[in-house]
Amino acid sequence: MAHRTIHWFRKGLRIHDNPALLAGLDGSKEFRPIFILDPHFVSSGLVGANRWRFLLESLQDLDNSFKTLGSRLYVLQGTPLDVLPRIFKEWNITRLTFEMDTEPYARQRDEAVCQLAAEHGVEVIQRVSHTLFVTSSVIRNNGGKPPLTYQRLQTVLSKMGAPAKPRDPPTKEAIHKCAVPIEADHGAKYGVPTLEQLGVKPIQEESLYPGGETEALRRMGEYLERKDWVCKFEKPKTQPNSLEPSTTVLSPYLKFGCLSPRTFYYGIQDVYREKKNYTKPPVSLEGQLLWREFFYTAAAGTPNFHQMVDNPVCLQLPWDNNTEFLEAWKYGRTGYPFIDAIMTQLRQEGWIHHLARHAVACFLTRGDLWISWEEGEKVFEELLLDADYSLNAGNWMWLSASAFFHQYFRVYSPIVFGKKTDPTGQYIKKYLPVLKKMPIQYIYEPWNAPRSVQEKAGCIIGQDYPRPIVDHAQVSKRNIGRMKEARACQANAKSDNKRPTEESQTTKTKSAKKSKKMK
DNA sequence: TTAACTGTTGGAAAC
DNA sequence: TGTTTCCAACAGTTA
C-alpha cells in the first residue's frame, strides 16, 4: 500500500542523516515535509530574538533544500495538537514520521500526538538521530540507570560498539516520485515567516552564526580541514575570552539538528585515522560529543532534571532570592568587568565559550551571589542559540556543584580567571566599551583605579560603570561555608535514613547516641 | 669569602 | 576545566 505521508520537523532540521525522513519517503505516493510553528510561543519570552532568527534561518534553508529536490517545506501555524488533526483530514494522511525526542515536554507532546494519530488511522514512525546512541539503550546497558559519571558512560559505551553510521540525504528521485505538486500560493500559505511577521525585534543587524544545515555543514567542513587543530584539540586549553571563538561554535547547529552528531562524529574519526596522534576524551573534540551524550542520557533518565526539587540527582540547597543581584547578573551590571563582558556577549551574540559559562554560572550560584542555578538556567534558555534542555540543566547543576561535580571549594575568581588568557583585557574592552580607556592594570578591577585615573579614562566607577555588587573575597568564603554545611546536613540526613534498616537489630537509643556523636 | 637577606619559582595543601 | 597560601629550594645581592 502506498502512503500519504508527512514528515514532521521539530529538531533535526536537516536532510542529511535523517532516518525518519527517509522512512517517510519510503513507500509513499504523497509526501509533505512540515514544520509547526506556534505563534503564541513568541510572546512567551522564553526564546530570545537571536534564537528565533536562527530557527527561521534554519527553516528557510530547509525550504531551499526541498526546493532543489522538487518539493517545499510546509510551515503551519498553531499548536501540534490543533494543526495535525486538521491536516490529517485535509491531506488524507496515512503516515506520520518524526525524529525521536527525549525531552519531557516533547515526550508528553509526542505521546498525545501518537494517540491522535491512532484515532485518525495514521501510522507513526519515529527514528533516533539526535544523539549518537539510543539513550534508552545506554540506560538499559547500565542496569536501568543513566551513567552519572563520564567514566561510567565511557565504560557502558565501550560495550555498545560504534554509533550508527550517518545516512545519506534523500535523492531527487526519491522525493520527486512522491512530492505533492506545489501550488502557486504555497509561499503565502506555508512559507517561512520573517522575524518581522512574528513580531520579533532583532538584537544584532546580521547573524554572527546564521542558522541552517548548509551553514552547519560548511562550518563543520571548515574546522575538520584543520586536521592538526582537530587532533590537538583540548577543551580546557581553549580560551573563554578570545576575540573570535576558540572552539567550533557547532553547538547551535547540533541543538537544532542542522548538523547530525553522527556526521560530525564520523567526520572527526576520518581526521583521526589520517594522523597517528590525537587527543582523547574527555578533552578531545570527540570527547565534546560524548559530553553531549552524557547529559542527554542523564536528562532522559532523571525526572525533573531541569529543577532542584524532586530531582534525585540534585543537591538541595537553600539558595537566596535576590532580584536585584539576579538582574545585575542578567544584564551585565555586576561591577566585575569579566562577568559583565561575558553576559553582554551572551545577550548580543547568543554564544559564549564553555569556560565563560563556567565563570558566570559559578558567580551567580555558589561562587558569589548564592542564587539558584534554575534562575541562570532560565536566562541561558532565553539567550543561548544552543540552549538545550539536557545540556543546560546538566551544566548548571555541574557548575553550582549540585550534581556531577562536587569540589565546591574550586571557585572561579571573577578577577583572576580571565587574566590568564587575556591579561590586557581586550575581550572586556570589546564588549564593555565604557572601559575602553581604562589602563590595563585596572581593567579587571576598575574600582581600584585612583579617581584621577578614572577621570582620565572617562569612566567614573559608580557612575559610568557600576561598583562591584559584592566583595568576591568575602562572599566566596562565606558561600564555601554554606556549601560545606549543606553537604554535611545532607550526609547526616542520608545516614539517618539508612540507619533503621542497617541496624535493624540494634535498639533505637543506640542509633540516637551514634547520630549525636557524628555531629 | 660568606652569612644574611631578598625575591622568585614551583609544588603541596587548604579552602 | 580554581585560587590562595605556605614553604622549601634556589639564585642573586649585600654588608
Side-chain angles (χ1 to χ4, degrees), chain A residues 148-154 229 232-242 245-249 251 278-295 298 315 317 334 336-339 342 345-346 351-370 373 376 380 384 386 391-423 425 427 444-445 448 468 470-491:
Chain A
L148 293 180
T149 65
Y150 194 85
Q151 181 80 53
R152 184 76 210 142
L153 177 79
Q154 282 185 294
W229 183 84
K232 287 180 180 150
F233 185 92
E234 288 181 66
K235 187 64 168 278
K237 288 188 183 167
T238 57
Q239 296 189 17
N241 49 6
S242 47
S246 61
T247 49
T248 64
V249 197
S251 53
Y278 50 88
T279 51
K280 297 279 151 60
V283 297
S284 64
L285 204 52
E286 177 195 0
Q288 304 315 299
L289 275 174
L290 296 183
W291 276 115
R292 178 174 181 272
E293 212 68 13
F294 175 76
F295 286 120
L315 181 66
L317 289 163
T334 67
Y336 286 94
F338 182 56
I339 300 297
I342 294 169
Q345 184 188 16
L346 170 63
W351 182 88
I352 50 177
H353 185 275
H354 185 64
L355 290 177
R357 300 180 197 201
H358 278 213
V360 296
C362 185
F363 189 88
L364 178 73
T365 58
R366 66 188 169 87
D368 294 79
L369 303 185
W370 197 257
W373 60 269
F380 275 22
L384 278 172
D386 60 35
L391 278 59
N392 196 20
N395 279 303
W396 271 102
M397 282 189 271
W398 183 293
L399 256 300
S400 60
S402 299
F404 309 114
F405 174 83
H406 305 287
Q407 282 156 309
Y408 56 87
F409 40 80
R410 290 191 187 171
V411 178
Y412 289 91
S413 162
I415 299 155
V416 171
F417 185 63
K419 280 187 190 171
K420 281 190 284 190
T421 47
D422 179 24
Y427 174 83
Y444 281 87
E445 33 198 338
N448 283 338
V470 289
D471 177 342
H472 171 74
Q474 233 172 58
V475 294
S476 62
K477 224 179 194 175
R478 185 195 54 171
N479 290 347
I480 288 172
R482 292 213 255 196
M483 202 57 125
K484 200 173 179 178
E485 197 181 347
R487 299 182 95 84
C489 227
Q490 199 200 249

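Lettering of chains follows the sequences in order, A, B, ..., and the numbering in each one begins at 1. Heavy-atom basis, side chains included; hydrogens, waters and symmetry copies ignored.
Checking the phosphate oxygens (OP1, OP2) of C:dT4, no side-chain nitrogen or oxygen of A:K477 falls inside 4.0 Å.
Of the N and O atoms on the side chains of A:T238 and A:H353, at least one donor lies less than 3.5 Å from an acceptor on the other residue.
Contact annotation: the side chain of A:S284 never approaches that of A:Y278 to less than 4.5 Å [non-hydrogen atoms, C-beta and beyond].
Between A:K420 atom NZ and C:dT1 atom P there is a gap of 11 Å when expressed in whole angstrom units. The separation between A:L290 atom CG and C:dT1 atom C1' is 17 Å, rounded to whole Å. In this structure, CD of A:Q474 is placed 17 Å from C1' of C:dT3, rounded to the nearest angstrom. Atom C1' of nucleotide C:dT3 and atom CZ of A:F338 are separated by 14 Å, given to the nearest angstrom. For the pair A:D368 CG and B:dC15 P, the computed distance is 20 Å after rounding to whole Å. Here the C1' atom of nucleotide C:dT1 and the CD atom of A:Q288 are 10 Å apart, to the nearest Å. When the C1' atom of C:dT4 is taken as reference, atom CD1 of A:I480 falls 10 Å away, rounded to whole Å. A:H354 has its NE2 atom 11 Å from the P atom of C:dG2, to the nearest Å.
Within residues 397-412 of chain A, the residues having any heavy atom under 4.0 Å from DNA chain C are, by residue number, A:F409, A:R410, A:V411, A:Y412.
Among the protein residues, A:K419 comes within range of no part of the nucleic acid, since none of its heavy atoms lies under 4.0 Å from any strand.
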Show the atom names and distances, to 0.1 Å, of all donor-acceptor pairs under 3.5 Å that link a side chain in residues 361-370 of chain A to residues at least two apart or in another chain.
from   : atom 1 : to     : atom 2 : distance (Å)
A:T365 : OG1    : A:A361 : O      : 2.7
A:R366 : NE     : A:L399 : O      : 2.5
A:R366 : NH1    : A:Y408 : O      : 2.9
A:R366 : NH1    : A:R410 : O      : 2.8
A:R366 : NH2    : A:L399 : O      : 3.4
A:R366 : NH2    : A:R410 : O      : 3.1
A:D368 : OD1    : A:H472 : ND1    : 3.2
A:D368 : OD2    : A:H472 : ND1    : 2.6
A:W370 : NE1    : A:P318 : O      : 3.0

Would you list the atom pairs, donor with acceptor, under 3.5 Å between side chains in residues 413-420 of chain A and any protein atom, with sequence neighbours excluded?
from   : atom 1 : to     : atom 2 : distance (Å)
A:S413 : OG     : A:I415 : N      : 3.1
A:S413 : OG     : A:V416 : N      : 2.9
A:K419 : NZ     : A:E445 : OE2    : 3.4

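A:N392 meets the side chain to side chain contact (heavy atoms under 4.5 Å, CB included) test with A:E377, A:F380, A:E381, A:W396; sequence neighbours excluded. Residues meeting the side-chain hydrogen bond (donor to acceptor under 3.5 Å, both in side chains) test with A:K232, sequence neighbours left out: none.
Ion pair A:D386/A:R357 flagged as a salt bridge, since at least one NZ, NE, NH1 or NH2 atom sits closer than 4.0 Å to an Asp/Glu carboxylate oxygen.
Within a 6.0 Å sphere centred on CD of A:E234, heavy atoms belonging to other residues, nucleotides or ligands number more than 12.
The rotation axes computed at either terminus of the helix from B:dT2-C:dA15 to B:dC15-C:dG2 lie 10° apart, taking five pairs at each end and rounding to 10 degrees.
Nearest nucleotide to the A:H358 side chain, out of C:dT1, C:dT4, C:dG2: C:dT1.
Checked against the 6.0 Å centroid threshold, A:F404 and A:F294 count as a close aromatic pair.
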